[in-house]
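What follows is a short report on a single structure.
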Amino acid sequence: MSLDFAPAAPTSLLNNLNPEQLAAVTLPSRPALILAGAGSGKTRVLTTRIAWLIQTGQVSPAGVMAVTFTNKAAKEMLTRLGAMLPIPVRGMWIGTFHGLCNRFLRAHWKLANLPQSFQILDSQDQLSAVRRVIKAMNLDEERFVPKQVTWFIAGSKEEGLRPRDVQVRDEQSRTLAAIYQAYEDQCQREGVVDFAELMLRTYELMRDQPALREHYQRRFRHVLVDEFQDTNRLQYAWLKAFAGPETSVFAVGDDDQSIYAFRGAQVGNMSDFEREFHVEQVIKLERNYRSFGNILDSANALISHNTRRLGKNLRTEAGPGEPVRVYESTSDYAEAQWLLEEAQQLHRDGTPRSEIAILYRSNAQSRVLESALFNAGIPYRVYGGLRFFERAEIKHALAYLRLLENPNDDTSYLRVVNFPTRGIGARTLEQLQDAARATGRSLYQSVGAVTGKGGANLAAFNTLVDAMRDNTRGLTLREIIEHVVQASGLADFYRNEKEGRERLENLDELVNAAEAFVTQEGFGKDAVALPVDEHAGAVVVSPGTIAEGDPPAVARTEQAPDAETGEIMSPLAAFLTHAALEAGDNQAQAGQDAIQLMTVHAAKGLEFDCVFITGLEEGLFPHENSLSDYDGLEEERRLMYVAITRARRRLYLSHSQTRMLHGQTRYNIKSRFLEELPEAALKWITPKAQAFGSGYARDYRAAWSSGSGRGSAAGAGEKTLAPKVATSEGVALRTGQSVFHTKFGEGVIVTLEGSGADARAQINFGRHGMKWLALSVAKLTPVD
DNA sequence: ATACCGCTCTTTTTT
DNA sequence: AGAGCGGTAT
């Protein structure tokens, strides 16, 4: 192996590691499991290990594969590695599961039975493809809900199941399997793959092609996996396929931060890995460099309520720090108001806004917060809306571009055949689809079968697509996109649209994104065909092929060359892949110092000086849909654990007595999670007077006047509605009041009905659910 | 072909 | 409440 750089003294790399980190980084080349707690320097360990392995000559850069889940994590790893190693890192096999699969399938497209420039369906595309299949099969969308079918297909693939492997037990499942089969045929015909297909097809290829498998297994001496707790069955099987007898797999994960079980992640993969790979020693990284003691104590105490854990406790040497502040408000509105004032105070005291995060369990909660911040004129940024490449106008432009590459892409064809409108209606399309189905050809190919005016319009559309293709031949990517945006009529359409300005700007932005992509990925004019490293079987592969000295275009290119010809895909095809694989940032008011709003899920992996966790109420957090099973509750608790451990210095927890949700006021009791925290680390900061004081009536009215109103008087048009009152054994009760029941514990009165002996109340007992109780029977004690 | 009305659904989400 | 979708009326 020839590495052209002088091996730096490894000690410089290892200088600032603590003993556990050092042990992990320098583990011998054997399967290893690292239990890395939140804020324990996980990414550092991963990247340092790669650098250390290379610098000490134990492996060449080409012999390393490192897998992450998100593009962000992959980028971060590449950046840090780039700073540690004097070699071009971009050619290394470091990326997301799907990114690496893409690279693999691009290189072996023939073996994988794919067209060379296959395109990738994002979830939107997949949904519309499934919808088309269901329609084509003449099935009832009520019975076979496209979303659920999509979920079923993705789920099956993630279990490694093809349509024929799906368990058929009744009519319903038989049809589901048939839809799955038809969907697969359709994708194959159109030359597209969905996300799960990237994984599954790669896995199957590795499984079924011994030469290929042996090649890659011999090549990758070290496979490193980030966020191992989030792997699903297929990803685990995939890893096993790449790990040969000589491969050492280095898995880093934290079972306490597993929050994606709901979409197939198997925490059990960690213990399976430990067993199946005969891991001799599990290293725990428990020293936390992020948060102060009270925050960590809270996190530890909370997570200790979970039963199925590998066991791990975070500790810090930073001292206890400030107490965790808990706030109770009377309404979601009041909660937002308080939070905003508190955040402003933090800002005045010197915390940058970007170091203040407001977390919530579900997206629906962001609205109140947003409007409060907006009205107060405080800059904020919400994560997790539509992302750039998911915007309608961008998808339209991309669809035209995809048709240039592959006119048989029916999904794209349907998206834009009548956008902007060109007199092609539903009837015409139906005829076209029938003809296509009958002959097994694409829509584009079937245009001749439709007669009349619609047929002429269709033919004109095909001509348009062909013309765009001809007219853009030889142009740069930028010029291609500019041409297509004009020639397709998209530009004119949005110019005339009253809300179209922003969309036009986004289309300009698309051109910029393409430009950036070309520069960054080295798709200059002189992108060179390159020496083949991806080849399997026949060719002898030297382990150190990708090292310093490779043509830059190679090292910087995400796309793998074809295994036989070394041919690189066109810049356009590569850009389309990039768009599907990396949906892009949710556009932000970049550069501005803004408060960060996001769901707890979105916050994973991030950290902030000050964190607010809002809506800590039974039914919301933990979410009611998760309460039915025990695993669900444990996942909610892990979610809370993730939320808490985002905070470095100051943590706020808040809950509200009432909350508008889905147009109705809900009365919630505080989350059990609050009670699972250590009293000593907490400080309640709710002003006593406010609990049921003057603020209450105002909020109460505000909530009811706009709501649909269960109260009987609401229909009578009464504007100011007092809480409904009833009496039980001489005790006055009102809606919104907290009461105690000997069996169900604390609850909140939601509705009061009837009077006298008939009086009954609907009470939300949180974890015991919603109950109707007869006041003459139930023993209720008011609490305040 | 398009405009509009009313119905349904609403946890979390990357790729 | 609000978005998105599908069906119906123009």
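So that the names make sense, note that chain A is the first sequence line, chain B the second, and so on, each numbered from 1.
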Look at the side chain of A:Thr599 and the base of B:dT13, then say whether one donor and one acceptor between them are separated by less than 3.5 Å.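 Answer is no: no donor-acceptor pair is held.
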Donor-acceptor pair between A:Tyr641 and A:Gln257 side chains, under 3.5 angstrom: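 Checked: A:Tyr641/A:Gln257 side chains show no N/O donor-acceptor pair below 3.5 Å.
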Side chains of A:Arg106 and A:Ser117: is there a donor and an acceptor less than 3.5 Å apart? no
Between [X] and [N], is there a side-chain N or O to OP1/OP2 distance below 4.0 Å?
X        : N      : result
A:Thr96  : B:dT14 : no
A:Asn363 : B:dT12 : yes
A:Arg361 : B:dT10 : no
A:Asn232 : B:dT14 : no

A:Arg367 bridged to A:Glu370 by N-O distance under 4.0 Å: no
Between [atom2] of [N] and [atom1] of [X], the distance in whole Å:
X        : N      : atom1 : atom2 : answer
A:Lys135 : C:dG7  : NZ    : P     : 8 Å
A:Leu620 : B:dT10 : CG    : C1'   : 13 Å
A:Leu639 : B:dT11 : CG    : C1'   : 9 Å
A:Ile120 : B:dT14 : CD1   : C1'   : 13 Å
A:His601 : B:dT11 : NE2   : C1'   : 8 Å
A:Arg638 : B:dT11 : CZ    : P     : 20 Å
A:Leu105 : B:dT15 : CG    : C1'   : 14 Å
A:Met660 : C:dA1  : CE    : P     : 6 Å

Flag the pair A:Phe118 / A:Trp109 as yes when their ring centroid distance falls below 6.0 Å, and as no otherwise. no
Start at the 5' end of DNA chain B and walk down; is the nucleotide closest to A:Glu636 or to A:Gly423 reached first?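 Between the two, 5'-proximity favours A:Gly423.
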When you match A:Leu581 and A:Thr428 each to their closest nucleotide on DNA chain B, which lands nearer the 5' end? A:Thr428
Under 4.0 angstrom, heavy atoms only, what part of the nucleic acid is [X] near: base, sugar-phosphate, or nothing?
X        : result
A:Phe97  : nothing
A:Asp122 : nothing
A:Phe69  : sugar-phosphate
A:Ile424 : sugar-phosphate

Between [options], which nucleotide has the shortest distance from any of its atoms to the side chain of [X]?
X        : options                : value
A:Thr421 : B:dT15, B:dT11, B:dT2  : B:dT2
A:Thr70  : B:dT13, B:dT15, B:dA1  : B:dT15
A:Asn71  : B:dT13, B:dT11, B:dT15 : B:dT15

Does the ring of A:His662 lie flat against the base of B:dC9, closer than 5.5 Å centre to centre with planes under 30°? no
Can A:His98 be classed as stacking with the base of B:dT15, given a centroid separation cut-off of 5.5 Å and a plane angle cut-off of 30°?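 No, A:His98 does not stack on the base of B:dT15.
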Does NZ or CZ of A:Arg263 come closer than 6.0 Å to the centre of the six-membered ring of A:Tyr260, within 45° of the ring's axis? yes
For the pair A:Leu359 and A:Phe612, evaluate side-chain contact (heavy atoms from CB on, under 4.5 Å) and give the outcome as yes or no after the intermediate values. CA-CA 6 Å; A:Leu359 310 184; A:Phe612 293 84; over 6 Å; no
